[in-house]
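We count ligands from 1, going down the list as the structure has it; atoms in each ligand are counted the same way.
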Amino acid sequence: QAAKAAVNYTPTKADYQKVYNRIAEIMDDAGEYDDGSYGPVLLRLAWHASGTYDKATNTGGSNYATMRFDPEALHAANAGLAVARGLMDQVKREFPWISYGDLWTLGGVAAVQEMGGPKIPWRPGRIDGYARDATPDGRLPDAAQGAGHVKEIFARMGFTDQEAVALCGAHALGRCHRDRSGYDGPWTFSPTTFTNDYYTLLFDESWVWKKWGGPKQLEDKKTRSLMMLPTDYVLTQDTHFKKHAKAYAADSALFFRDFSAAFARLLELGVPFAAAEPWEMRSLDEQK
Ligand code: CCH
């Protein structure tokens, strides 16, 4: 591989597309794991790598990929993400020239796009940092808290309420795991397809507190097979959040557009790029 052999070779878009393709293949090769895809957990890795950003001090974010180091790897919020980091290490062995931050964020892009979501503009430029760059615990949201906490956490990254609501729509994908966060279950009936179902279900179903020994979470009254975290439910309770959540429930295209913009921005928080336009990576389907 040219990119591997030549010291001064600058990887091209085609090189990154190869990495994207390998991630997409690994994502689908999940066998009995969860709902048959590693997509959701890879998306969560990209989000937790980026969501540590603090606008005031310009620290954190995806640039140095500091979740590779303890204690950040051991922060409670990151429980279970060793699965995703392990998958990414397989890709890294094949394409050793890519930085971990670029790799993990490209994983988030591949996850959203391959599961049927919008295109996420993306560009490389992150470098690997050191353990001393790791962020303090407590920068990622705590699912047990209320609307004020969610606003505060996303505002610290530099996001508006509207962007926070759009980003939370990622919970259309994946599920909570008893042995990771303590919560249990999926948010939607199609946890491996990117949809606006998270918002429609929030408003269309009756949500009641689950009676169980685990942490406080809600379940849908009808089937009792879906869940919402306290922080999800506040999107229907806080007037500002509710306005945007209603809009995304009513208009899937609006959600896709706003999610793409906010997620692309999330992945770039704190990343000093060389001047270059973001790229649109092609899905596996588009390359057939
Ligand atoms: Fe999330 N998320 N998230 N989340 N999340 C969990 C799982 C996923 C919060 C808490 C949790 C975003 C925002 C928030 C995903 C993407 C995003 C879990 C279960 C908790 C708890 C973890 C487990 O047990 O495995 C809270 C609180 C907030 C905001 O207030 C945002 C933003 C994104 C992405 C843009 C995805 C995907 C999952 C599923 C992971 C999986 O393994 O299936």
Side-chain angles (χ1 to χ4, degrees), residues 27 30 33-53 62 75-87 104-105 107-112 114-115 117-118 120 138-157 159-188 190-195 197-198 202 214-218 227-235 238 241 245 248 255-256 258-267 269:
M27 197 183 301
Y33 175 82
D34 273 6
D35 305 287
S37 169
Y38 289 120
V41 79
L42 291 182
L43 173 54
R44 189 160 200 247
L45 174 64
W47 141 238
H48 279 206
S50 310
T52 54
Y53 183 66
S62 62
H75 290 170
N78 293 329
L81 289 180
V83 171
R85 292 196 304 271
L87 294 168
W104 291 355
T105 54
V109 170
V112 171
E114 295 297 315
M115 291 191 284
I120 310 294
R139 288 199 176 181
L140 292 161
D142 171 1
Q145 304 289 318
H149 170 77
V150 178
K151 283 172 198 241
E152 211 173 281
I153 292 277
F154 281 93
R156 191 212 63 230
M157 296 174 217
F159 287 117
T160 63
D161 285 357
Q162 177 251 312
E163 289 172 308
V165 173
L167 287 168
C168 288
H171 283 172
L173 298 165
R175 56 173 59 244
C176 295
H177 303 78
R178 276 303 264 153
D179 58 343
R180 296 180 186 177
S181 61
Y183 296 98
D184 191 34
W187 290 266
T188 68
S190 53
T192 60
T193 307
F194 194 95
T195 64
D197 289 0
Y198 169 77
L202 265 175
K216 241 181 123 183
Q217 68 173 61
L218 298 112
M227 67 92 57
M228 289 289 167
L229 300 164
T231 44
D232 297 311
Y233 194 61
V234 297
L235 303 196
D238 177 84
F241 280 160
Y248 295 142
F255 166 54
F256 273 46
D258 288 357
F259 180 85
S260 170
F263 190 59
R265 206 156 84 64
L266 171 69
L267 300 183
L269 294 176

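Taking the six-membered ring where the residue is Trp, the centroids of Phe154 and Trp47 are separated by under 6.0 Å.
With a 4.5 Å cut-off on side-chain heavy atoms, Ser190 and Asp197 count as touching.
Using a 3.5 Å distance cut-off with no hydrogens or angles, the side chains of Asp184 and Gln217 do not pair a donor with an acceptor.
Regarding atom 19 (C) of ligand 1, its nearest protein heavy-atom neighbour is Cys176 SG, 3.4 Å. Counting protein heavy atoms only, atom 37 (C) of ligand 1 is closest to Pro40 O, 3.3 Å.
The tally of protein N/O/S atoms under 2.8 Å from atom 1 (Fe) of ligand 1 stands at 1.
When the options Thr231, Leu235, Leu140, Thr192 are ranked by their closest heavy atom to atom 27 (C) of ligand 1, first place goes to Thr231.
Polar contact with ligand 1: present for His177 (N/O pair, distance under 3.5 Å). Residue-to-ligand polar distances place Arg175 within reach of ligand 1: an N/O pair is separated by less than 3.5 Å.
When heavy-atom distances to ligand 1 are checked against a 4.0 Å cut-off, Leu43 comes that close only through its side chain, counted from C-beta outward.
Close contacts between ligand 1 and Leu167 involve ligand atoms 31 (C), 32 (C), 35 (C) [criterion: under 4.0 Å to a heavy atom]. Residue-ligand proximity, Trp187 to ligand 1, at heavy-atom distances under 4.0 Å covers atoms 6 (C), 7 (C), 8 (C). Every atom of ligand 1 with a heavy atom of Arg180 under 4.0 Å away is listed here by number and element: 23 (C), 24 (O), 25 (O), 42 (O).
Aromatic ring orientation, Phe194 versus Phe256: perpendicular (interplanar angle above 60°, classes split at 30° and 60°).
The backbone N or O of Ala172 sits less than 3.5 Å from a side-chain atom of Thr188, completing a donor-acceptor pair. A donor-acceptor pair under 3.5 Å is absent between the side-chain atoms of His171 and the main chain of Asp232, judged by distance alone. Checking side-chain atoms of Gln145 against main-chain N and O of Asp142 turns up no donor-acceptor pair under 3.5 Å. Remark: the backbone N or O of Arg139 is paired with a side-chain donor or acceptor of Arg156 at under 3.5 angstrom. Put simply, the side chain of Ser62 gets close to the backbone of Leu267: a donor and an acceptor are under 3.5 Å apart.
Phe159 does not carry Lys151 over the face of its six-membered ring by the limits of under 6.0 Å from the centre and within 45° of the normal.
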